[in-house]
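Input: a single structure, listed below in structure tokens.
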Amino acid sequence: MSLLHQIQESVVQDGSSLGPILLKLRLLAARLGSNDLEEWVKHESEGYPPDAVLPEYRIIGVTYKGTFSGSFGSGIKNAPIPSILIEKYANESWNSFSVRESIAAVGELVKVGAEGGTLAIDASNLILVLQGKIYNGYACNDITGSISAVSLSEISQAVRNRVLELTIELEKSIPAAAHITFGTQNMDEKNASKARQITQQIIYGNVGNAISGGSESTINVNIQSHNKESVINYLKESGIPEQDASEFARIVASEAPSSPEEPFGKGAKNWIASNLRKAVDGTWKVGVAVATKVLTEAALKYYGLE
């Protein structure tokens, strides 16, 4: 049986572990020559590093409850805090949680949260942010953030769905993929390019033609050190709208890089995390992989790190 058909058979079986499935898929990705697919499988198996773009299914909602005290011993315990107030007074990012743990670790978290149905996250910083803004005359003593164990379990199901969808689409678009075995040689570049496009479309959505170059795309960078206008022009030429390009350039110019190896400061990292989805939904005329690369190149050149 071919490697692809082994993966399909395993992924639809009840109770099958994702670990061996992902190992076989990683080998299939290597034979196909798809770096993007290999990278996705590696992240799912080992966890997503802080600078890696998360697929949509790994961003889940957070709910908050607070304890408030008033005069004469009055108080309110475990009062739900509406998400609209979190967004208004804190930041929209507080209403979602990025799950970067490996798929095996996600499974363990689901087991831990199975009894109570939720898992707590650190929300202590919100106490000062929301102080005096929820209930008039009441002090905020404690805030608890929770994520649903069900939402975590849906991540594993999402991975299964994408593995199956990937293999089905690969079989349709690259018939030779269905004949790959453990001893098969790597595919030619034409099929490798098809595999990269299929991976990006299924994992991150239809992100346009710019993504087809994958992480191997050649990007010409013409940016002068500490010149915001050259950063803006470069990003515009790369497919990022002028308003976003200007905002990113302003943030980069206002802070220093985290280290000689890390071209982004805290503000730039937060901006990228909030805006990179525009590459997924088509707002930007550039795909996720290329967008990440041009933003990194822009910062490196601006700071004179490259």
Side-chain angles (χ1 to χ4, degrees), residues 43-44 46-159 247 251 254-256 258-259 262 264-278 280:
H43 289 339
E44 287 296 335
E46 303 175 8
Y48 286 78
D51 59 343
V53 178
L54 279 180
E56 188 75 21
Y57 62 83
R58 276 184 165 266
I59 302 173
I60 62 179
V62 184
T63 58
Y64 295 95
K65 290 184 178 181
T67 298
F68 304 86
S69 62
S71 56
F72 306 107
S74 61
I76 306 171
K77 294 184 178 180
N78 294 322
I81 303 175
S83 59
I84 192 170
L85 294 182
I86 298 291
E87 181 179 344
K88 180 179 179 180
Y89 295 117
N91 188 291
E92 184 182 0
S93 62
W94 279 94
N95 285 323
S96 60
F97 183 78
S98 297
V99 183
R100 294 187 174 273
E101 288 75 13
S102 68
I103 200 67
V106 169
E108 291 302 312
L109 288 173
V110 171
K111 293 178 183 178
V112 171
E115 291 186 7
T118 60
L119 289 165
I121 64 171
D122 181 16
S124 56
N125 288 337
L126 279 177
I127 296 176
L128 291 176
V129 176
L130 300 179
Q131 195 62 255
K133 296 174 181 175
I134 306 300
Y135 296 103
N136 290 331
Y138 284 82
C140 181
N141 300 325
D142 181 63
I143 295 179
T144 301
S146 301
I147 56 177
S148 167
V150 173
S151 296
L152 285 171
S153 65
E154 289 176 347
I155 292 175
S156 295
Q157 188 58 43
V159 172
E247 188 175 344
I251 292 172
S254 69
E255 59 184 10
S258 299
S259 69
E262 173 54 75
F264 301 122
K266 183 177 180 181
K269 288 179 182 177
N270 291 337
W271 186 91
I272 292 171
S274 299
N275 287 273
L276 203 54
R277 293 186 195 180
K278 295 177 182 178
V280 176

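The analysis underlying the following values was restricted to heavy atoms, covering all of them including side chains, and did not include hydrogens, waters or symmetry mates.
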query: Is any side-chain heavy atom of Lys269 closer than 4.5 Å to a side-chain heavy atom of Pro50?
result: no

- request: Mind running side-chain contact (heavy atoms from CB on, under 4.5 Å) on Phe97 and Val99 for me, showing each step along the way?
  value: CA-CA 6 Å; Phe97 183 78; Val99 183; 3.9 Å; yes

- request: Please round to the nearest 0.5 Å and tell me the distance separating atom OH of Tyr48 and atom OG of Ser98.
  value: 11.5 Å

Just distance, no hydrogens or angles: give the donor-acceptor pairs under 3.5 Å from side chains in residues 60-71, sequence neighbours left out.
{"unit_1": "Tyr64", "atom_1": "OH", "unit_2": "Trp94", "atom_2": "O", "d": "2.5"}
{"unit_1": "Ser69", "atom_1": "OG", "unit_2": "Asn141", "atom_2": "OD1", "d": "3.4"}
{"unit_1": "Ser69", "atom_1": "OG", "unit_2": "Asn141", "atom_2": "ND2", "d": "3.0"}

field: Residue pair Ala123 / Gly145: nearest heavy atoms and the distance that separates them
entry: CB-N, 3.9 Å

- prompt: Just wondering, are more than 12 heavy atoms of other shown residues or ligands nearer than 6.0 Å to CD in Glu255?
  reply: yes

task: To the nearest 0.5 Å, tell me how far Gln131 CD sits from Leu126 CG.
output: 11.5 Å

query: How far does NZ of Lys88 sit from NZ of Lys133, to the nearest 0.5 angstrom?
result: 9.5 Å

field: Listed partners of Ser124 passing side chain to side chain donor-acceptor pair (under 3.5 Å), at least two apart
entry: Asp122

- request: Go through the steps for Leu85 and Leu130 under the test side-chain contact (heavy atoms from CB on, under 4.5 Å), then give the verdict.
  value: CA-CA 9 Å; Leu85 294 182; Leu130 300 179; 5.8 Å; no

message: Could you measure the distance from the CG atom of Asn136 to the CD1 atom of Ile134? Nearest 0.5 Å is fine.
response: 10.0 Å

field: From CD1 (Ile86) to CD1 (Ile81), nearest 0.5 Å
entry: 5.0 Å

task: Just jot down the ring pair (Phe, Tyr, Trp, His ring centres under 6.0 Å) partners of Tyr89, sequence neighbours excluded, or say none.
output: none

- request: For Gly267 and Ile251, work out which heavy atoms get closest and say how close.
  value: C-CG2, 3.6 Å

task: Would you sort out whether Glu46 and Ser102 count as a side-chain contact (heavy atoms from CB on, under 4.5 Å), showing the intermediate values?
output: CA-CA 5 Å; Glu46 303 175 8; Ser102 68; 5.6 Å; no

message: For Arg58, is there an ion pair with Glu44 - N to carboxylate O distance below 4.0 angstrom?
response: yes

task: Using atom types as modelled and distance alone, determine if a side-chain donor or acceptor of Glu87 lies under 3.5 Å from a backbone N or O of Asn95.
output: no

query: Rounded to the nearest 0.5 Å, how far does CG of Leu109 lie from OG of Ser153?
result: 11.5 Å

- line: Note: Ile76 and Ala79 closest approach over all heavy atoms is CG2-CB, 3.6 Å

task: Just do the side-chain contact (heavy atoms from CB on, under 4.5 Å) check on Val106 and Val159 with the steps written out, would you?
output: CA-CA 12 Å; Val106 169; Val159 172; over 6 Å; no

